[in-house]
Amino acid sequence: MTASNEEKWMNKKISRRDMLKLTGIGVAGVAIGASGLGGVMKAMGYDVFEPVADSTTASNKVNFYGNHQSGIVTPVQTNIYFASLNVLVTSKKELQELFQQWTPLVVRLMNGELMADISSNTRVPTGDTGEAEGLDAANLSITIGVGASLFDKLGMQHLKPAELKDLPHFPKDQLLKEYTGGDLCIQACADDPQVAFHAVRNLVRAASGKVEIKWSQSGFNSFPAGGGTPRNLFAFKDGTVNPSITDEKDLKKVVWVDKGWLKGGSYLVARKVQMHLETWDRTSLKDQEATFGRYRDSGAPMGKTKEFDDFDVEAKDDKGNYIMPDTSHVHLARKSGARILRRSYSYASGVMSNTGTHDAGLIFISFQKDPAQFTTIQNSLGRMDKMNEYITHRGSAMFACFPGVQKGSYLGEALFNAL
């Protein structure tokens, strides 16, 4: 990332003497983590809430401002860094200030800029961790959401949407506490893994003492050279039946909330799904295709020839057998009648120490107007889904993602206006 000279919200140098005077601590304690980077900047007279504009000159740039947050109907990037956070603040005002502080920082990051100007003063921590310096914006999108626990923690239960609650237990759930829930989420997606990681790292760093990471997961997608649907680690195409991200009428039906302070936002479901690759790799291609209900190479539904061919789940052959097995993943999902927008990524996190098998799978992300859409599909899959033989759900969380931001506003303003 390169530091732009335009629309900077801080351009002064902080001297060591001024820093020590403000913080009242010695050299050993000069690290600014205790009160957060923003707290020290504010004390120095910087307006940490000053709006920053979307750059019109940055390369590979996704706009921040608009009716909806980025990272929902943005064309899917190749990498994700997803973080679920615990909130450490104890008042609604502190929470509001956190979102006000984050807003211009998110714009800067999405512009491909550094979080702060480069300073020649080497005696204080830098305003940006620096690992994305020299990289462009890489189509970075940042999506912020709030969990049900946040409303309980800060006494805002009256504003918690009825739909925002813990997901029920599903078959094959073996959820680990360390990968479940959270007060806030940051979804950073980019076409460079370091850009995505840098964004989350620096937003959390800027909010030191206000938030902490509960759990996180990186992930990746790879796209065919000529474009098309990415494949998951089972080698099948993932996301074929998604609504078109350019069909506003359909998106209103499937993705966007249309009431209350969340109007224009969406519900995000995150699931960490372990794939048992060793078991899958010992399974015949015929059985793999019967598990999905699609042909692996073409992505076409069974009985069809092209990936996007429509199909009838009740269709049978001349012997009375279902053309698409009734225990297949696609058959059961289609039969539910519900639709969601999938935005999933594969992950590979080394080896399971207790088994020596791959610690790999899917960081499943979906957006929907109502979480009931996801629950309906998951309940339809139930115990009949043949896919259950090859996967285990290890993590789960749900968040309400704010509507978009207009310049001069900030993330979550509608929520705080409703207080």
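The analysis underlying the following values was restricted to heavy atoms, covering all of them including side chains, and did not include hydrogens, waters or symmetry mates.
- The two residues Ser366 and Ile340 come nearest to each other via the heavy atoms CB-CD1, 3.8 Å.
- A pairwise comparison of heavy atoms in Leu203 and Trp102 identifies O-NE1, 2.9 Å as the closest pair.
- A donor-acceptor contact under 3.5 angstrom links the side chains of Asp128 and His198, judged on distance only.
- Partners of Asp238 by salt bridge (Lys or Arg N to Asp or Glu O under 4.0 Å), not counting sequence neighbours, listed by chain and number: Arg342.
- A salt bridge does not link Glu97 to Lys210: none of the charged side-chain nitrogens sits closer than 4.0 Å to a carboxylate oxygen.
- A salt bridge links Arg339 with Asp250: the closest approach of a Lys/Arg side-chain nitrogen to an acidic carboxylate oxygen falls below 4.0 angstrom.
- Within 6.0 Å of atom CG in Asp166, 12 or fewer heavy atoms from other residues, nucleotides or ligands are found, so the atom counts as exposed in its surroundings.
- Side-chain contact of Gln69 with Thr143: a donor-acceptor pair under 3.5 Å is absent, judged by distance alone.
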Starting from the C-alpha separation in whole Å, work towards a yes-or-no answer on salt bridge (charged side-chain N to carboxylate O under 4.0 Å, His left out) for Asp173 and Arg271.
CA-CA 10 Å; Asp173 274 5; Arg271 305 276 287 179; 2.6 Å; yes

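- For Phe416, there are no ring-ring contact (aromatic ring centres under 6.0 Å, His included) partners, not counting sequence neighbours.
- The OG atom of Ser208 sits 9.0 Å away from the CG atom of Leu88 when rounded to the nearest 0.5 Å.
- A donor and an acceptor atom, one from each side chain of Thr129 and Asn202, are located under 3.5 Å apart.
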Only distances under 3.5 Å count here; give the side-chain donor-acceptor pairs of residues 376-383 to other protein atoms, sequence neighbours excluded, each with its distance to 0.1 Å.
residue : atom : partner : partner atom : Å
Thr376  : OG1  : Ala372  : O            : 2.7
Asn379  : ND2  : Thr375  : O            : 3.3
Ser380  : OG   : Leu332  : O            : 2.6

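- Relative ring orientation between His68 and Trp256 is described as parallel, the plane-to-plane angle staying below 30° on a 0-90° scale split at 30° and 60°.
- Thr240 and Phe308 get closest at one heavy-atom pair: O-CE2, 3.4 Å.
- Between the side chains of Tyr267 and Gln373, no donor-acceptor pair is found at a separation under 3.5 Å.
- What you find for Lys92 and Leu154 is that their closest heavy atoms are NZ-O, 3.5 Å.
- Here the shortest heavy-atom pairing between Cys189 and Arg343 reads SG-NH1, 3.4 Å.
- Residues Gly147 and Leu164 approach most closely at C-CD2, 3.9 Å, considering heavy atoms.
- In this view, Phe311 satisfies the ring-ring contact (aromatic ring centres under 6.0 Å, His included) rule with no residue, not counting sequence neighbours.
- Here the side chain of Asn111 pairs no donor or acceptor atom with the backbone of Ala58 at under 3.5 angstrom.
- Going from atom CE of Met302 over to atom NE2 of His331 covers 12.5 Å, rounded to the nearest 0.5 Å.
- When Leu85, Asn86, Thr180 are each tested for a side-chain contact (heavy atoms from CB on, under 4.5 Å) with Lys214, only one passes: Asn86.
- Taking the charged nitrogens against the carboxylate oxygens, Glu278 and Arg282 have no contact shorter than 4.0 Å, which rules out a salt bridge.
- Trp215 and Tyr179 have perpendicular rings, their planes meeting at more than 60° on a 0 to 90° scale where under 30° would count as parallel.
- By the side chain to side chain donor-acceptor pair (under 3.5 Å) test, Asp183 pairs with Ser149, Lys153, sequence neighbours left out.
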Is there a side chain to side chain contact (heavy atoms under 4.5 Å, CB included) between Ile142 and Phe64? Walk through the geometry before answering.
CA-CA 8 Å; Ile142 296 174; Phe64 170 79; over 6 Å; no

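- Put simply, the side chain of Phe99 reaches to within 4.5 Å of the side chain of Val146, judged on heavy atoms.
- Note: Tyr345 and Phe82 fail the aromatic proximity criterion, with ring centroids not under 6.0 Å apart.
- Here Glu389 pairs with Lys386 in a salt bridge; the nearest charged N to carboxylate O distance falls below 4.0 Å.
- Take Phe367 and apply the ring-ring contact (aromatic ring centres under 6.0 Å, His included) test, not counting sequence neighbours, and it matches no residue.
- Here Glu314 pairs with Lys335 in a salt bridge; the nearest charged N to carboxylate O distance falls below 4.0 Å.
- A salt bridge links Asp310 with Arg334: the distance from a Lys NZ or Arg NE/NH1/NH2 to an Asp or Glu carboxylate oxygen falls below 4.0 Å.
- Side-chain contact check for Ser409 and Gln406: no donor-acceptor pair (N or O, by modelled atom type) lies under 3.5 Å.
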The test is ring pair (Phe, Tyr, Trp, His ring centres under 6.0 Å); show your working for Phe197 and Tyr81 and say whether it passes.
CA-CA 6 Å; Phe197 176 80; Tyr81 196 81; 5.1 Å; yes

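- The number of heavy atoms from other shown groups lying within 6.0 Å of NE2 (His358) does not exceed 12.
- Remark: the Ser141 side chain and the Gln77 side chain contain an N/O donor-acceptor pair separated by less than 3.5 Å.
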